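Hydrogens, waters and symmetry mates are skipped; everything else that's a heavy atom, side chains included, is used. Nothing here was measured: the structure is a model prediction, and the numbers come from that model. We name chains A, B, ... by the order of the sequence lines, and we start the count at 1 in each one.
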Number of protein chains: 2
Amino acid sequence: MNKKILIVGFGTVGRGFYELFQWKKASGRLPYKDDIEISEIVDAKFGHLRDFSQNQIENLKAGEGLQSSEVVEIIRQSDVDIVCEFTWVDIKNNAEPAFTHMMEALRNGKHVITTNKGPIALRYQELMDFANTRKLRVKFKGTVMAGTPSYNLLGLLPGIKVNKIRGILNGTTNYILTEIENGKSFEESLNLAQAKGYAEADPTMDVDGFDSALKTIIISNVLGWFGKEHTLSEMEIEGIRNLRATPDGSVTKLIVEADESHASVKPTIVKKTDILAKIGGVLNALELETDTLGTIVSIGPGAGKIQTAQAVLTDLGEILA
Amino acid sequence: MNKKILIVGFGTVGRGFYELFQWKKASGRLPYKDDIEISEIVDAKFGHLRDFSQNQIENLKAGEGLQSSEVVEIIRQSDVDIVCEFTWVDIKNNAEPAFTHMMEALRNGKHVITTNKGPIALRYQELMDFANTRKLRVKFKGTVMAGTPSYNLLGLLPGIKVNKIRGILNGTTNYILTEIENGKSFEESLNLAQAKGYAEADPTMDVDGFDSALKTIIISNVLGWFGKEHTLSEMEIEGIRNLRATPDGSVTKLIVEADESHASVKPTIVKKTDILAKIGGVLNALELETDTLGTIVSIGPGAGKIQTAQAVLTDLGEILA
């Protein structure tokens, strides 16, 4: 069958997905059973694109812009099968406007893929209940470790029970901590991370642990630990400001830990024999403590344009299966 | 629908699978859409069991034994949907008798799951062609890293291209090398591995690199590199006999490497910053170098009774999907 995609939000993630999709499609490497195409793009800055050419996409210029209500109206009227929500989210604003975009897509019979942590961490049950009653899917692999296998490892492990998770889920802070280990101050390391594009001008989300916390909540949601003290306000969250290298050369990482009853993000001294001690730079790692395999670990990039786009191909695969 | 399984070979793997299956079934954790049961067991030593009780299974005693041809006849006459082939394989004997068991199952319309490396490493194309023309599946996750995600990560990564693999795929040799690093001799380390049940009385398959080589060929088969110099006779294979700790404290691992054109298994000095340097004891690790994610790594157990049984649950999931 022929399936169509609407991209909402054409910033780094949207463009990354567009480019990866066209590349893989042109090289015959999209393994889906359906024939699939990106048929529409909407972005508050660039407007609404239909029947666009590659040339148009490459030379996009900001137009008059769209109001929020106009974006929602475009989602409503679209004839696509899948809406990819890639707008920027302010977690202080109850995951809006992404949440509204996603609900509008579901209300109109469309599956949803997002890379936005806000709606999935903060309003998971609302979204899932709404989608489930309509037999629609909401997929969000890109919210945790980009395309690197993370919570979706569970799909390869039928019957397994995860008793605990532990990991490094934020590349920005891990990069900063790696530089601090190499002798730099927090400020120098943060500046370097900003110069390299790993940290934003306002680094609060990363360095104060909120990004890691949201990802921990998302994994807890998938594991069914939701509602058991894993909300942002009930998590133990501590960032990495004011950390400095220890004289004894021990390694400090921003470690997330969660089980059914408790979740935390905090700087933790890890033993040198611990695999997490070896996770350097912007890499991420997730450990799953399970009943049948003991501890398994997945390591890989946790951010990046093409790395996040790969996660969207993964989500598409699950929707089209 | 109701689906039935025949277990062929009731040694450690067969028992492990039986126990895990019953445990997960009783606790309602088998997530398959079909209702599934183990309805028959055949073993050259224990005979042919049907309509058995839990009590019988727990108190099995060797009987008169079955001839090879009788085992094949039992497979032929069975009414099950899936045959789990768990017999012991001699790779010098062209992967028999497992290969014959698997072909007989396919010839009679049954899917096959195996944990035997022999047939999958040495006679992959024959098996797959035979299965494909009959629209049947042959699954073999347990042959590489037990239940720990390995080559099957590809199922989570649609569209990705793996350019190279690298890893530690044999826990026995990794255990021995870890002990050598700690100052023991090869002989002492091997004796310790045998005492702990990690190494067999005849340790050739492990310490001379053949087990790692077979696993490398299996991954190459899955990646479609088959036929490109990845047969056992064309691989570069070197074991770990006569290795000793280096005075400078550098770390030596039995590293497998493969890409489209070349495959090798050999003791390799790894840098201390290399994640593979941190893989201690019987752990395994597989690195995939990809086009969209760069390098991703999966780490976990590569052997063990319940760990291998978990792989069979994974294979069942793919067959019943």
Do any N or O atoms from the side chain of Tyr198(B) and from the backbone of Leu192(B) form a donor-acceptor pair under 3.5 angstrom?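 Side chain of Tyr198(B) to backbone of Leu192(B): no pair is present.
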
Got a donor-acceptor contact below 3.5 angstrom from the His111(B) side chain to the Ile82(B) backbone?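 No; zero donor-acceptor contacts below 3.5 Å.
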
Who wins among [options] for the most heavy-atom pairs under 4.5 Å with chain B?
options                                    : value
Ala146(A), Gly317(A), Gly147(A)            : Gly147(A)
Thr290(A), Thr295(A), Val297(A), Ile275(A) : Val297(A)
Lys24(A), Lys25(A), Glu287(A), Lys272(A)   : Lys24(A)
Leu30(A), Leu20(A), Leu157(A), Thr148(A)   : Leu157(A)
Leu153(A), Leu288(A), Leu316(A)            : Leu153(A)
Gly300(A), Pro31(A), Gly159(A), Gly155(A)  : Gly159(A)

Could you tell me which of Thr308(B), Ile306(B), Leu313(B), Leu156(B) has the largest number of non-hydrogen atom pairs under 4.5 Å with chain A?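 Ranked by heavy-atom pairs under 4.5 Å with chain A, first place is Leu156(B).
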
Looking at Val256(B), Thr172(B), Ile255(B), Asn174(B), which one forms a side chain to side chain contact (heavy atoms under 4.5 Å, CB included) with Ser212(B)?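 Going through the options one by one, the only one that passes is Val256(B).
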
Identified side chain to side chain contact (heavy atoms under 4.5 Å, CB included) partner of Ile168(B) from the options Leu254(B), Ile279(B), Leu286(B), Leu283(B):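 Per the side chain to side chain contact (heavy atoms under 4.5 Å, CB included) rule, the option paired with Ile168(B) is Ile279(B), out of Leu254(B), Ile279(B), Leu286(B), Leu283(B).
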
Starting from the C-alpha separation in whole Å, work towards a yes-or-no answer on side chain to side chain donor-acceptor pair (under 3.5 Å) for Ser150(A) and Lys141(A). CA-CA 8 Å; Ser150(A) 58; Lys141(A) 174 63 194 75; 3.1 Å; yes

Thr273(B) versus chain A, the contacting section by heavy-atom distance below 4.5 Å: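 For Thr273(B), backbone heavy atoms alone lie under 4.5 Å from chain A.
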
Per-residue contact mode, Thr314(B) against chain A (heavy atom under 4.5 angstrom):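 Both backbone and side chain.
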
When you check the gap from the basic side-chain N to the acidic O, do Arg29(A) and Asp291(B) get nearer than 4.0 Å?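 Here Arg29(A) does not pair with Asp291(B) in a salt bridge, since their nearest N and O are not under 4.0 Å apart.
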
Is it the case that the side chains of Thr292(A) and Gln310(B) hold a donor-acceptor pair, with the cut-off being a distance below 3.5 Å and no angle test?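 Per modelled atom types, Gln310(B) and Thr292(A) side chains form a pair under 3.5 Å.
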
Interchain contact, Ser298(A) with chain B, by part (heavy-atom threshold 4.5 Å):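 For Ser298(A), the contact with chain B is made by backbone and side chain together.
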
